[in-house]
Amino acid sequence: MKMSKLFVQTLREFPNDAEAISHKLLVRAGFIKKLTNGIYTYMPLAQRVLTKISNIVREELNATGAQELLMPFVQPAEVWQKSGRWQVYGRELLRCKDRHDNDMCLAPTHEEVITSVVSEVVNSYKQLPINLYQIQTKFRDEIRPRFGLLRGREFIMKDAYSFHTSQEDLEREYEVMAKAYSTIFKRCGLETKAVQSDSGAIGGAVSHEYMVLTDTMVGENDVFYCENCDYSANSNHAISILPLEATNGADYGYSEEKIVDTPNVKTIEELAEFLKINPNCILKAVAYIADSNPVIVMIRGDKEVEETKLLNALNALEIRPMENSEVREYLNSEAGFISYRNVDKSKVRVIFDKTAQNMKNFVLGANIKDKHIVGANLESNIEFFDVSLVKEGEFCPVCHKPLKVTRGIEVGNIFQLGTKYSKPMNACYTDENGQLKPYIMGCYGIGVSRTMAAAVEKYHDDFGIIWPIQIAPYHVDIVPVNIEDPEQSKVAYELYEKLCALGIETVIDDRYDRAGVKFKDSELIGFPIRITVGKTISEGLVEFKTRKDGQMIKLTPNEAIEKCQQILLN
RNA sequence: CGGGAUGUAGCGCAGCUUGGUAGCGCACCUCGCUUGGGACGAGGGGGUCGCAGGUUCAAAUCCUGUCAUCCCGACCA
């Protein structure tokens with residue numbers, strides 16, 4: 001490709017509406033252009049990267065026996081009503097009507113359609129198992145799109161769905177996919193960690209997320225992991241063994257239950273300070289509205305509520321903190337002094353976190369303004385749930401060593417769905433005994449456009465992007481310092497022809513610009529290899545430079561070609 | 001949806017306080033010169049100042065409303 005013909009416009013400055021480095025660089029280097037919030041055009045350079053990632057995905061999935069198909073992006077409400085998600089999915093599902101006034105939607109995912117398609121084709125256990133996938137645009141009307149491609153509204157996703165006759169066979173396929181995923185990301189030049197996760201709106205029991213670990217804010221997930229064993233989990237799913245700490249209020253002299261004055265002491269910090277007590281001896285109450293029902297969570301004072309865990313414990317869809325007016329209305333109390341005692345349990349659901357379990361003689365809100373109870377103890381027969389957020393340093397649930405935390409960008413995930421979709425949609429096959437059985441399903445996603453952004457997030461420097469060669473838009477950038485110099489031009493074009501003939505993807509920067517412009521663009525765009533044809537041509541040499549380590553060596557044109565081949569083979 | 005900020009040429013910005021000819025840099029076009037790290041000179045094209053009302057002889061500028069975008073919190077590939 002001649003640079004003069006390549007449809008790309010690099011910018012001299014970073015766009016001012018971008019925050020994430022991948023967003024800034026992809027825009028500045030001319031890979032993407034924003035149409036509107038969370039919706040981008042993939043320019044030719046980006047399209048080449050996406051194609052490469054997609055092809056790696058295809059090769060690895062095809063190797064497992066999965067088959068590619070392509071499903072509709074615009075879907076009728078019917079299939080969503082059948083699965084029950086038309087009501088459940090919320091405003092993230094972009095709905096519209098066709099000219100006949102039928103309800104339609106833009107596909108955020110394809111469980112409904114694939115289940116419907118498979119149920120028409122697969123009638124017998126003899127046709128199972130099967131794994132089908134597609135690579136396609138998805139639309140999710142995210143509350144807050146941000147970070148460019150990392151959280152767009154429209155994005156490219158590979159989604160695969162498998163169908164089985166038994167849980168065992170699903171688990172077998174799940175392992176196959178897990179392996180394929182590791183290979184796929186590795187081939188894209190990305191190290192990933194498979195972490196346990198909550199299954200969210202997609203549903204199902206077991207799931208793992210593939211995270212690219214990063215120390216920046218754009219990793220939107222907190223990942224807890226153990227350095228000793230291989231336990232790792234998203235914060236919305238992580239569990240821990242708490243370090244042994246004093247949780248006995250008697251240590252602070254509160255061995256007898258009584259009400260004490262705590263004027264204007266509202267927060268846990270203030271209360272701990274006021275009573276000269278460790279926060280972990282306070283049983284705090286956090287009030288929520290879950291699907292318009294009041295809930296209070298009793299949790300140890302030094303711990304936070306993990307709302308996804310709470311959502312699951314309550315089997316609720318939506319959750320938000322209670323407002324002060326609602327505290328008065330439902331709990332007949334003031335924020336800061338709430339307690340599970342003296343609330344109407346028929347109206348207010350009370351959840352005890354497991355951190356409350358071993359507390360003795362603790363401090364508790366008195367449900368009266370400016371008063372707390374000290375030396376309190378829990379009644380027996382209380383059911384405990386795990387709804388607390390893990391903290392770094394708490395102990396691994398597997399091997400009891402301290403857990404670490406890091407940020408992660410989720411580039412893929414795998415779910416064991418079970419019969420979550422097949423049952424409501426009545427999608428069944430006939431088994432060996434002539435019985436109708438719902439399919440046991442799994443589903444497996446990879447964010448293709450997000451993977452591209454994650455690679456940039458991971459591999460860049462002050463000059464621009466450093467593409468892993470496996471997914472780089474082109475392998476080599478030939479820079480004739482002065483295209484008007486007949487000797488340089490001749491050598492550069494010969495080199496270009498030869499590399500192209502060898503199937504090496506090459507750009508020749510044939511622009512009449514000065515060398516500095518070409519060098520800057522080369523580094524910004526992130527070509528893995530740059531071959532400069534300049535003054536050393538008098539000695540019959542060109543300069544061979546790799547983007548990754550910045551190493552420059554002088555070689556003859558033929559040696560340069562060999563070197564390219566060598567690098568591409570590795 | 002709540003809190004903060006910003007909308008002026010393709011991109012980055014100034015002008016607004018104190019109303020009076022719409023500007024700068026980059027990019028683009030022409031000519032010249034230049035060719036090893038985003039050159040230089042001369043000339044040129046391009047903007048209903050987000051949108052709608054209002055105040056005024058006069059609005060990018062003041063007032064009201066509205067829309068959009070970005071950042072911080074609840075969603076997910």
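So that the names make sense, note that chain A is the first sequence line, chain B the second, and so on, each numbered from 1. No hydrogens, no waters, no symmetry mates; every other heavy atom, side chains included, goes into these values.
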When the [atom1] atoms of [N] and [M] are considered, how many whole Å apart are they?
| N | M | atom1 | answer |
| --- | --- | --- | --- |
| B/G12 | B/G37 | P | 28 Å |
| B/A60 | B/U6 | C1' | 15 Å |
| B/U48 | B/C31 | P | 29 Å |
| B/G50 | B/A59 | C1' | 16 Å |
| B/A39 | B/G47 | P | 28 Å |
| B/G3 | B/G65 | P | 15 Å |
| B/U61 | B/G53 | P | 14 Å |
| B/A22 | B/C13 | C1' | 14 Å |

With a cut-off of less than 4.0 Å, is there a side-chain N or O of [X] near OP1 or OP2 of [N]?
| X | N | answer |
| --- | --- | --- |
| A/Asn16 | B/U6 | no |
| A/Arg144 | B/C72 | yes |
| A/Arg146 | B/C72 | yes |
| A/Asn413 | B/C76 | no |
| A/Lys138 | B/C76 | no |

Across the strands shown, which category fits [X] at heavy-atom distances under 4.0 angstrom: base, sugar-phosphate, nothing?
| X | answer |
| --- | --- |
| A/Ser522 | nothing |
| A/Arg91 | nothing |
| A/Glu142 | base |
| A/Val411 | sugar-phosphate |
| A/Glu13 | base |
| A/Lys24 | nothing |
| A/Thr36 | sugar-phosphate |
| A/Gly534 | base |
| A/Gly152 | base |
| A/Asp513 | base |
| A/Glu543 | base |
| A/Arg450 | base |

Measure from the side-chain heavy atoms of [X] and tell me the nearest of [options].
| X | options | answer |
| --- | --- | --- |
| A/Phe519 | B/G37, B/A77, B/G38 | B/G37 |
| A/Glu307 | B/A74, B/G38, B/C72 | B/A74 |
| A/Lys520 | B/C76, B/U35, B/G38 | B/G38 |
| A/Arg514 | B/G36, B/U34, B/C76 | B/U34 |
| A/Ile143 | B/A77, B/C1, B/C72 | B/C1 |
| A/Lys34 | B/C71, B/A77, B/U69 | B/U69 |
| A/Val517 | B/U35, B/A39, B/U69 | B/A39 |
| A/Asp17 | B/A77, B/C70, B/G38 | B/C70 |

Handout entry: Partners meeting ring pair (Phe, Tyr, Trp, His ring centres under 6.0 Å) with A/Tyr174 (sequence neighbours left out)
Key =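 Result, ring pair (Phe, Tyr, Trp, His ring centres under 6.0 Å) vs A/Tyr174: A/His208.
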SB check [X] [Y] (cutoff 4.0 Å):
| X | Y | answer |
| --- | --- | --- |
| A/Glu220 | A/Arg407 | no |
| A/Arg187 | A/Glu59 | yes |
| A/Glu494 | A/Lys490 | yes |
| A/Lys518 | A/Asp477 | no |

Is any N or O donor-acceptor pair between the side chain of [X] and the base of [N] shorter than 3.5 Å?
| X | N | result |
| --- | --- | --- |
| A/Arg151 | B/C76 | yes |
| A/Gln9 | B/G10 | no |
| A/Arg12 | B/G10 | no |
| A/Asn221 | B/C76 | yes |

Problem - Ring-base stacking, A/Phe155 with B/A77 (5.5 Å, 30° cut-offs) - result: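 A stacking contact exists, since A/Phe155 sits close and nearly parallel to the base ring of B/A77.
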Practice task
Would you mind telling me which of A/Trp467, A/Tyr42, A/Phe7, A/Tyr40 makes a ring pair (Phe, Tyr, Trp, His ring centres under 6.0 Å) with A/Phe31?
Solution key: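 Filter result, single survivor: A/Trp467.
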Practice task
If B/G73 has a Watson-Crick or G-U wobble mate with both distances under 3.5 Å, name it; if not, just say none.
Solution key: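 Paired with B/G73, as far as the under-3.5 Å criterion goes, is B/C1.
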Exercise for the section: State whether a side-chain donor-acceptor pair under 3.5 Å links A/Tyr133 with A/Asn131. Expected result: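 Side-chain D/A pair, A/Tyr133 to A/Asn131: absent.
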Problem - Any pair counted as salt bridge (Lys or Arg N to Asp or Glu O under 4.0 Å), so long as it reaches residues 28-43 of chain A, sequence neighbours left out - result: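 As it turns out, the salt bridge (Lys or Arg N to Asp or Glu O under 4.0 Å) pairs with a partner in residues 28-43 of chain A, which skip direct neighbours, are A/Asp17-A/Lys34.
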Exercise for the section: Nearest whole angstrom, please: distance from the P of B/A77 to the OH of A/Tyr181. Expected result: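 After rounding, the reported distance stands at 10 Å.
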